[in-house]
Q: 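Following this message is one structure expressed as C-alpha cells.
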Amino acid sequence: MEQSNSVGLVVISEEDMHRTLLIHRISLEDIYQRQGEDTIITWSDPEIGTDIALSFQEAVGCNHIWEHVQQVQSQFQRTKAGGASSEAAVRRRYVDEFEQASVSLEGDFGDGPGAKPVELPEPEMGNLAELARMLGELSLYQRDRVAGRMLRNGYVRRLLDLFRACEDLEDSESLRHLHAILRGTIMLNDTSLLEVLLSEENVMDVVGALEYDPELAGRQRHREFLRERVVFKEVVPITDAGLRAKIHQTYRLSYLKDVVLPRVLDDATFATLSSLILFNNVEVLMALQADARFLPELFAALRRAGPADAAFADRLAFLRELTGLARHLQAGARAALLCKLAGLGLFEAAGAALASGSEALRLRALDVLLAAVAHDPGPLREHLLRPEGRPLLGLLLQPLLAGGAVGLQEGALELLRALLDPEGAPATVQSNGFLELFYTTHMGQLVGVLAAVAEPEGAKAAPSALGLIVELLCFCVQHHSFRIKYYVLRNKVVESVLGLLGRREKWLGVAAVRFLRACVGLKDEFYNRYLIRNNLFEPVIAAFLANGARYNLLNSAVLELVEFVRKENVRGLVSHLVEAFAPRLAAVDYVDTFEQLRTRHEQNREQFGMRDASSGAATQQTVDEQRLRRDDRALDKDEEDYFSREDEDGDEPGDVAPLLGNGVALEAGDALRDAPPRLLPLVDYDDDDDADDGGGALRAGSAKRGLGSPGGLTAKRTRLGDERPRGVPVGGSGAGLKAGLWRGRR
C-alpha cells in the first residue's frame, strides 16, 4: 500500500473483479485471532472502529493469509530491532523486505508467475502417504495444475494398479491412503479427470478404493452392489454403443454423488457432478428422440403386451423415467418430445395401465401423466375431450371415488388440479370444453361421495379420499368463477361438505371449515347470501362449541374464519353471526374474537344507521321542497280552467292515450305506469279551429308549453294514424320522458 507505506489486505469481489470489498492496513499490534476450524480470521480495526471477520472455504487459504500477517509483523519487529532511525524508515525497510520475501511465499501457495511447479510423487507404495497429504492441502489455485499432471502418462491407471496390489496384499494402511488419494482426486473438481475416473475400465477400481473409508465401521460393498444387484434393462435394444456408455456413466455419477461421497463433497464438486449428470441426460434424450426406430418400437411393444405382462411394467417404467427427465430440456425441445410421445400413444398406454394394472403399475401411469401435464396440460385435455379419451377421465377419478392407496389418491388429485387450472392455459375452446365436460359429467360423482356420508346406508369412502375431494372443491371455488358458483347453488355442495363435521376423524371437520373459509374468502355476496339464507354457519358453530376449550386445529380454524369476517368487515356475515349465535358464544371468553365481532356489529349499526337516517331526512326535505317549488312545466290557472270546462262538455277518461312511443308513458296513475309500452297515434278530430287554420299544426296542451320539454312538444298532423311528437321517433326508447296527463280536444 504505497500511500501509507505499509502492507495491507485487499479483498476483491469474485463477481466483479473491479470492485474492492475491503482494504485493511495490517496492524503491527497483536489484534488478529483464529476462530472456527482454522478457517476464520477476526480482528477489531482501530481505524474504523469495526469488528471484521474473514471466512475462508478451506483451511489452506486461511493458513496462507495468516502466514502473511504473521510475516509482516515479525519483519517489522526485526527491522525495528535493527536500529532504524524513525518509524517511517522502519516501515520503508520492512515493506521492501516483505516484497522480496513474498515471492517465495507465493511460489508455495499462489498461482502467479513466480509460483513453483507442483511435483507429484510417483505412484509407489512408499509415496502414498506424501501424495495423500499433498492432495489434502492443495489450494484452490493449485488444483488445475495437479489435475492436468494426473491426466498425463497414465498416472491414474498406475495409481489404480497400485490399489489392486495393495488389496491383494491386504495392506490396510496403504488402502486408507489410497482412499484419501482417490477422494482428493475427485475433489479436484476437474471434468476431464472425472470422465477418466468413471470410464468403463477404471470405475470399479475407483469405487473399490473408496470402500476403505477409515471413518466408517467396516468396509462398504459398493462394487458388489454395482455388479450383482444393479441390472441394466433394455426395453428396446439400443444399438449405439456410445449412447449406452453415456447411460452407464450417468448412473455411476449419480451413485457416486448420492451414495459413496455425500458426506465429503463440497459445493463446487457437488455442482460439477450434478451438471455432468444433467448434460448426459439431455444428450441421451436428444439421441433417443432423433432415433427414428426407437420410440415407435417402444409403443408397438406396449400395445402388443398387456398390463399383466412383466415387460409392460418395464416399458412403462422407462416411459416414466423418460418423461421425468424431459423437464431438463429446453421448452421447445421438451414440447416436441412430449408431442411426439402423445402422438405415438402415451395417453393410451397410461389408460391401459390405470384400467387393469396393479397398484404399482397405476402409480407409474399417474407419474407419466403428471410429467406430461407439468409442461403443458393441453394435449391431455384434448385427448380427454375426444370420445376415445373419455374413459381415461373416469379412471383418473376412480381413486377418489372408490378408494385405493393414498399415493394413487394424491396423484389423481394433483393431476386433476393441473387439468382444471384455468391459469395454466388461456381461455380457449379446449379448456372451456374440458371444464364443461367435468362439471356436467363428473363433478356430481365427487359431491355424491360427500353426500353419502350423511346417509345411513350410503357407500362409505375412505377418509383420505373425502379430504382430497374437499381439497379439490376448495381449488374449484378459488379458481372457477361462475361454474362452481351456480353448481354450489343448485346441488347443495356446502351442505354436503359440512356433513363431514360429524365424522369421527376430526381432521375432516377441519377440511370442511377450510372449504367454508374458501367460500367466505372470496367476499362474494352470492356466497354470503347463500350461507345466511341456509343458516350454514350453524353446524360450524355447533362443532366449535362441542369441541369446548380444547386448543386444536378445529378450534383454530373456526376462530380464524370468524376473525377474517371481522377484519374484512363482511357486513352481512357479521350481522348474521352476532344476531344468530351471540347468546351461545357469550361464554367463550378465552379469546376476544367474538367480543370484537360484537363490537364491529355495533359499529356497523351506528355508522350505517346514521347514514340511512341522514339519507332519509335529505330525501324527505327534497320531496317537500319539490312540493313547494312550482314546476315550470305545470299548467297555469287559465289552462286548468280551460280543460275543466272541456271535461264538463263530456270528455271521457277512456279517451286518454296512456303511452306515447316505445316506453314513453303519459303518467295517469300507477296502473298506467306499469302498462306495456305501445305506440298510439294522435287522432284527428273535426274542430272549428282546425277548419280555420286549414289543417295546420295540432298543438298538445297550450301554445305556451307542451309535453316533456319547456319549449313545448308539438305534433304535426300529416295523415290519420301518422302523427308523432316532434323529436320522439316512432318505436324509439323515449326513456326518462314523463308527460303530464294530456287530454286532446274533440
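Quick note: residue numbers are just sequence positions, from 1. What you are looking at is a predicted structure, and each value in this text was computed from that prediction instead of being measured.
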Q: Quick one, Glu563 with Gln596, criterion side chain to side chain contact (heavy atoms under 4.5 Å, CB included). Give me CA distance, side-chain angles, the key distance, then yes/no.
A: CA-CA 9 Å; Glu563 184 69 13; Gln596 293 180 1; 4.2 Å; yes
Q: Would the distance check show the side chain of Asp421 and the main-chain N or O of Arg417 forming a donor-acceptor pair, the cut-off being under 3.5 Å?
A: no
Q: Is it true that Tyr251 and Phe232 have ring centroids separated by less than 6.0 Å?
A: no
Q: Just how far is it from atom CG of Asp266 to atom CG of Asn189, taken to the nearest 0.5 Å?
A: 6.5 Å
Q: A side-chain contact here means heavy atoms from C-beta on lying under 4.5 Å apart; do Tyr32 and Ser27 qualify?
A: yes
Q: Answer yes or no: is there an ion pair linking Asp161 with Arg157, defined by an N-O contact shorter than 4.0 Å?
A: yes
Q: Verify, without hydrogens or angle tests, whether Arg244 (side chain) and Ala241 (backbone) share a donor-acceptor contact under 3.5 angstrom.
A: no
Q: Measure across Ala326 and Arg334 and return the closest heavy-atom pair with its distance rounded to 0.1 Å.
A: O-CD, 3.1 Å
Q: Which heavy-atom pair separates Gly208 from Phe163 by the least distance, and what is that distance?
A: C-CZ, 3.4 Å
Q: Under 4.5 Å between any side-chain heavy atoms of Thr269 and Leu261, yes or no?
A: no
Q: Over 60° means perpendicular and under 30° means parallel, so tell me whether His222 and Tyr255 are parallel, tilted or perpendicular.
A: perpendicular
Q: May I ask you to test the Arg600-Asn569 pair for a side-chain heavy-atom distance under 4.5 Å?
A: yes
Q: Kindly check if the number of other-residue, nucleotide or ligand heavy atoms within 6.0 Å of CD (Glu170) is above 12?
A: no
Q: Would Asn63 and Arg34 count as having a side-chain donor-acceptor pair, cut-off 3.5 Å?
A: yes
Q: Are more than 12 heavy atoms from other residues, nucleotides or ligands located less than 6.0 Å from atom CD of Glu201?
A: yes
Q: Start with the C-alpha distance between Glu410 and Leu468, add both sets of side-chain angles, then the distance that settles side chain to side chain contact (heavy atoms under 4.5 Å, CB included), and finish with yes or no.
A: CA-CA 7 Å; Glu410 293 178 349; Leu468 294 176; 4.1 Å; yes
Q: Is the closest basic N to carboxylate O distance between Arg164 and Glu167 below 4.0 Å?
A: no
Q: If every non-hydrogen atom of Asn552 is compared with every non-hydrogen atom of Asn555, which pair is closest and at what distance?
A: OD1-N, 3.0 Å
Q: Given side chains that start at C-beta, do those of Asp51 and Thr42 come closer than 4.5 Å, heavy atoms only?
A: no
Q: Under 4.5 Å between any side-chain heavy atoms of Leu226 and Val203, yes or no?
A: no
Q: To the nearest 0.5 Å, what is the distance between CG (Leu288) and CD1 (Ile247)?
A: 6.5 Å
Q: Verify side chain to side chain contact (heavy atoms under 4.5 Å, CB included) between Leu216 and Arg263, making sure each step is shown before the conclusion.
A: CA-CA 11 Å; Leu216 299 178; Arg263 298 180 297 107; 4.0 Å; yes
Q: Is the backbone of Gln289 close enough, under 3.5 Å, to the side chain of Lys340 for a donor and an acceptor to pair up by distance?
A: yes
Q: Is any side-chain heavy atom of Thr593 closer than 4.5 Å to one of Arg566?
A: no
Q: Please report the interatomic distance CG(Leu285) to CG(Leu325), rounded to the nearest 0.5 Å.
A: 5.5 Å
Q: In Å and rounded to the nearest 0.5 Å, what is the CG to CG distance from Leu210 to Leu182?
A: 5.5 Å
Q: Treating Asn153 as the side-chain partner and Tyr155 as the backbone partner, does any N or O pair qualify as donor plus acceptor under 3.5 Å?
A: no
Q: Distance check, rounded to the nearest 0.5 Å: Glu211 atom CD versus Arg221 atom CZ?
A: 7.5 Å
Q: Just so I know, are the side chains of Leu415 and Leu380 near enough to count as touching, which here means a heavy-atom distance under 4.5 Å?
A: yes
Q: Between Ser556 and Leu553, is there a donor-acceptor pair closer than 3.5 Å when you use the side chain of the first and the backbone of the second?
A: no
Q: Could you grab the distance from atom CZ of Phe564 to atom NZ of Lys523, nearest 0.5 Å is fine?
A: 5.5 Å
Q: Sort out for me which residue in Asn202, Leu178, Val206 forms a side chain to side chain contact (heavy atoms under 4.5 Å, CB included) with Leu159.
A: Leu178
Q: What I want to find out is whether Arg252 reaches Glu200 closely enough, with some N-O distance under 4.0 Å, to be called a salt bridge.
A: yes
Q: Got Leu128 and Leu162 here, is their nearest side-chain heavy-atom distance under 4.5 Å?
A: yes
